[in-house]
Amino acid sequence: MAICALPPSTVRLLGSSATIATPHDLVKELLENAIDAEATTVDISVSADALERLSVRDNGHGIAVRDLESLGRRAHTSKLRTFDELPARAGKTLGFRGEALACASSLSSVTVTTRAAGEPVATRLRLRPAVAGGGVQDSRPVSAPVGTTVQATQLFVNMPARRQNLLKERHRSLSSIKELLEGYAMARPHLRLSLRISDGGVRPWSYSPRPVPSVKEATLQIFGTNLAANCVHLTLVDEAREDGSRPQQPTGYLMDAFLPAPRCDVDAVRGKGCFISVDQRPVSASRGLPKKIARSFKSHFYGHLTRAESGNRPQASLFMQLDIRCPPGSYDANVSPMKDELLFVDESKLLECFEGLCRKLYGGEAASVATLTSPTAAGPPETRPRGARPSSM
Ligand SMILES: Nc1ncnc2c1ncn2[C@@H]1O[C@H](COP(=O)(O)OP(=O)(O)OP(=O)(O)O)[C@@H](O)[C@H]1O
Ligand SMILES: [Mg+2]
């Protein structure tokens, strides 16, 4: 067969189904749009098969009327102007490609209801499929509060094999959406999140932050008091970050962790998940630096157990939560379609910082690698690492 150009509609469909391959991927994109719009509450509703209907409602800043015609058009975004901006913007915005809504409208029928602050009414519009160029198919004014609701129906209707497979895996789809929300609650404990599965007899899920949100509170609500009581909160501040001369533009790293305490009940911290985020962007722990961090954590924890308890336990996966705050320009976020993989300029320094934190917590190290703090509110005093001082955070 000779080499020929594919029709643009085929190119779009092929690209869209690679970016959004499952209902989970679509919820992730819509949730990230809500977070980028500064929403504090995001409510997700999904049909029992996760394919018939899916909607994400937020109380973010909404979309201005002048921008509506740009919705669902490929490579149309309000979050980035040039590629050069990406390193500095990656820590401030979850999305940057201007592709997600266009992909969604290639794979499903998408309705957006939105109202920006200062506008008297909301607009409800149907997106023209991205294969036909995107933009608005039809619209009408409706009554709705400031914020945005995106509803997608008939997911993957134009891809029968994928739809059939997803129908068979609907329970997996629903549980992966719930896990996604748990990951965002751990990375952003100030967000109010809820998931409702309509007509499935499945119990709704929700997370509501307390007036002073914390990872400990999120852990407690999501996984129960036993896990939260067996973990300790630590903050490691890289010396460069403590340089107060450039408060708007930090140069060093900060690690904020909620980890199993030394001498904790190991059964309470087993198999509850590994939550690593960078600038509050949840990242996959199965690749790159997060994978190395997870491995290092496990070896420090079990190493300490062996010494302290000389138990013969199999090294099961353990709960850990870590958020790394990075200075602008310290990583590339444009690595994978899911935007959950990052490439760091100085990966070894970050790994070193994390290992310093583990040594302090589990190794009884006295020398200071950087500033290590353990807020009293985060755990009982006996779980504080030796040499730690109360946090000012
Ligand atoms: N919930 C929302 N609230 C406010 N604005 C939104 C919302 N969803 C989408 N938008 C607007 O629509 C634009 C396109 O969204 P889309 O998700 O397609 O791209 P993006 O978020 O810019 O980048 P990415 O493809 O990486 O997600 C966004 O840049 C934003 O301006
Ligand atoms: Mg987006």
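Only this structure's heavy atoms are used, side chains among them; waters, hydrogens and symmetry mates stay out. We count ligands from 1, going down the list as the structure has it; atoms in each ligand are counted the same way. Everything numeric here is computed off the predicted structure, so don't read it as measured data.
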Heteroatom proximity flag, [X] to ligand 1, N/O under 3.5 Å:
X	answer
His76	no
Asn33	yes
Gly98	yes

Side chain, backbone, both or neither: the part of [X] lying under 4.0 Å from ligand 1 by heavy atom:
X	value
Ala37	side chain
Leu101	both
Val56	neither
Glu32	neither

Within the 6.0 Å centroid threshold, strictly below: Tyr253 and Phe344: no
Would you tell me which option among [options] has the nearest heavy-atom contact to [atom]?
atom	options	answer
atom 25 (O) of ligand 1	Glu29, Glu99, His61, Lys79	Glu99
atom 1 (N) of ligand 1	Asp58, Leu71, Val150, Leu80	Asp58
atom 10 (N) of ligand 1	Thr149, Ile63, Leu30, Asn334	Ile63
atom 30 (C) of ligand 1	Gly134, Ser78, Ala130	Ser78

Protein heavy-atom partner closest to atom 22 (O) of ligand 1 - residue, atom, separation in Å: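 Ranked first by proximity to atom 22 (O) of ligand 1 is Thr77 OG1, 2.5 Å.
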Carboxylate-amine/guanidinium contact Asp256 Arg325, below 4.0 Å: no
N/O donor-acceptor pair under 3.5 Å between Arg281 side chain and Leu94 backbone: yes
Asp332 and Pro87, any side-chain heavy atoms less than 4.5 Å apart: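 A side-chain contact is absent here, since even the closest heavy-atom pair is not under 4.5 Å.
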